[in-house]
Novice: 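Questions regarding the structure given below will be posed in turn.
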Amino acid sequence: MEKDLKAQQRAITQRTVEVLPLPELKRKIEKAVKANKPLNVKFGVDPTSPDLHLGHAVPLNKLRQLQDLGHMVTLIIGDFTARIGDPSGKSATRPQLSEGEIRKHAQTYTQQAFKILDKDQTKVVYNSSWLSRLNFNDLIKMAAKFTVARLMERDDFSKRFKENTPIGLHEFLYPVMQAYDSVVIKSDIELGGTDQIFNMLAGRDLQEKDGQEAQVVLTVPLLVGTDGTQKMSKSLGNHVGLTEPPKEMFGKIMSIPDSLMIDYFKLCTRLTDEEITKIEKGLKSGKLHPGEEKRSLAKHIISIYYDRKQADTAEAEFDKVFKEQQVPSDITEVKVSSNKMWVVKLLVETGLASSNGEARRAIQGNSVKLNSKPLDDVNAEIDIKSGDVLQVGKRKFVKIS
RNA sequence: GGGGGGAUGCCCGAGUGGUUAAAGGGGACGGGCUGUAAACCCGUUGGCGUUGCCUACACAGGUUCAAAUCCUGUUCCCCCCA
């Protein structure tokens, strides 16, 4: 374990939004170092989506950093809570998942999370193993420790209430359960995105009422998605998946707004504060070109999940397609039912358009090319041979096999 | 338990008998400009081999030459009173 208290503290609080409360964190660190006993860091995830993206990676990176300092992570798979769905930041009740889905998601989740976390310093637990054993009595006792007024202070709830969208009673119970998780695992620190503050503070309350030492709450920023406005999430389609091919990652990262670059550097790469400050200053003064820095950002990120070489390949591929307007090297190949076909049908059959209407519109909108030559006749009958490359827009390609 | 209001396309939202595949906005997609950035400009945004036809305004029926618009029932949501 890192013995230097100052270094510990600096590292733990680095790139976080809030530490609640800071003095307690100092105390905990001191105690841990003195006794050479790692802190138990709680991190809860709801296995609601099977794929992790850069947004999930933000807290995971932080956890890894804590592990590198010598601490233990307890990764709680919220297989029980997932059945409810965290209301945090949501404007509507979430659909409830089936047990089968949850199991499956949990598996891919941990698999992907270990791309970042250290297995030896991680304990994986499922909260159904204790939550499902509680009876109504236990629940009432716990629920009595929270007030409706307190719950309604939450932005998401009060907003939904004001807007007349329904709030399920079970959603009120979500923070209660998450808090109970903290009691069960006796966490020292709970880490989460800023949207988790309420739930995590509830954990402190419950621990205290249970006679335990309360956990310290550590929040990390929420990563904004590639659209530049909303929190990264798969359902909004603004995510960069951790298992996506390097080429895709590169393209997506290049499309983020400039204003997001520094955030991404801070939250998604392993560059030091000094390095990032240098880039930030360079960009501000105009010494550095944003396009170039974004490339470097993309390569840094890809190198974490793949390696430098594949990052470079992704960049070269990107240039080929977008700078030199050439055809990418690995295009999906598609079989076609006939070698002479109506253009519109061809686009639908190759999957480049989902309906005849869409295909027509694409042609009329001048975005369809066959072997880099524009097609503009909606009624054209086309001779197709193997190896022909069909293109819609700038990035959808298909090769006829 | 009683009374009232509402459900429109991906989302928000206009439309209260015919000229409405449904205004407007957002989003998305395509094009231009660029650095696949932002901003801005233009176009598209139910299906169909498409100057036409079909399906659509919660669901199921009905009135009418004609219904998103009127009537009845069903489902869901909201509000007020208890």
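All values below were derived from every heavy atom in this structure, side-chain atoms included, with hydrogens, water molecules and symmetry-related copies excluded. Each chain gets a letter, A, B and so on, in the order its sequence line appears, and its residues count up from 1.
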Novice: Could you check whether A/Ile256 gets within reach of a base, just the sugar-phosphate, or nothing at all, counting any heavy atom under 4.0 Å?
Specialist: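 It contacts sugar-phosphate atoms only.
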Novice: Identify each atom pair where a protein N or O and an N or O of nucleotides 27-29 of chain B are less than 3.5 Å apart, giving names and distance.
Specialist:
none

Novice: Students often get this wrong, so: under 4.0 angstrom with heavy atoms, is A/Gly251 touching a base, only sugar-phosphate, or nothing?
Specialist: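 Since a base atom lies under 4.0 Å of A/Gly251, the category is base.
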Novice: Reckon A/Lys294 touches a base, only the sugar-phosphate, or nothing at all at heavy-atom distances under 4.0 Å?
Specialist: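 Base, at least one base heavy atom under 4.0 Å.
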Novice: Mind checking who B/C70 pairs with, Watson-Crick or G-U wobble, both distances under 3.5 Å?
Specialist: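 Answer to the pairing question: B/G62, which forms a Watson-Crick or G-U pair with B/C70.
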Novice: Counting distance alone, no hydrogens or angles: does the base of B/U45 have a donor or acceptor under 3.5 Å from a partner atom on the side chain of A/Arg361?
Specialist: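 No, no donor-acceptor pair under 3.5 Å.
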Novice: Taking the nucleotide of RNA chain B with the closest heavy atom to each, which residue, A/His289 or A/Gly357, is nearer the 5' end?
Specialist: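 That would be A/His289.
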Novice: Under 3.5 Å, is there an N or O donor on one side and an acceptor on the other linking the side chain of A/Asp258 and the base of B/G35?
Specialist: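 Under the 3.5 Å cut-off, the side chain and the base do form a donor-acceptor pair.
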Novice: Could you work out the separation of B/U69 and B/G17 based on their C1' atoms and round it to a whole Å?
Specialist: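 It works out to 6 Å between them.
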Novice: Do the side-chain N or O atoms of A/Ser355 get closer than 4.0 angstrom to the phosphate oxygens (OP1, OP2) of B/C48?
Specialist: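 For B/C48, OP1/OP2 do have a side-chain N/O of A/Ser355 under 4.0 Å.
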Novice: Determine: side-chain N/O of A/Ser259 to OP1/OP2 of B/A38, distance under 4.0 Å, yes or no.
Specialist: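 No, because none of the side-chain N or O atoms of A/Ser259 sits under 4.0 Å from OP1 or OP2 of B/A38.
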Novice: Let me know, please, whether A/Lys323 or A/Arg360 comes out on the 5' side of the other along RNA chain B by nearest nucleotide.
Specialist: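 Closest to the 5' end, via its nearest nucleotide, is A/Lys323.
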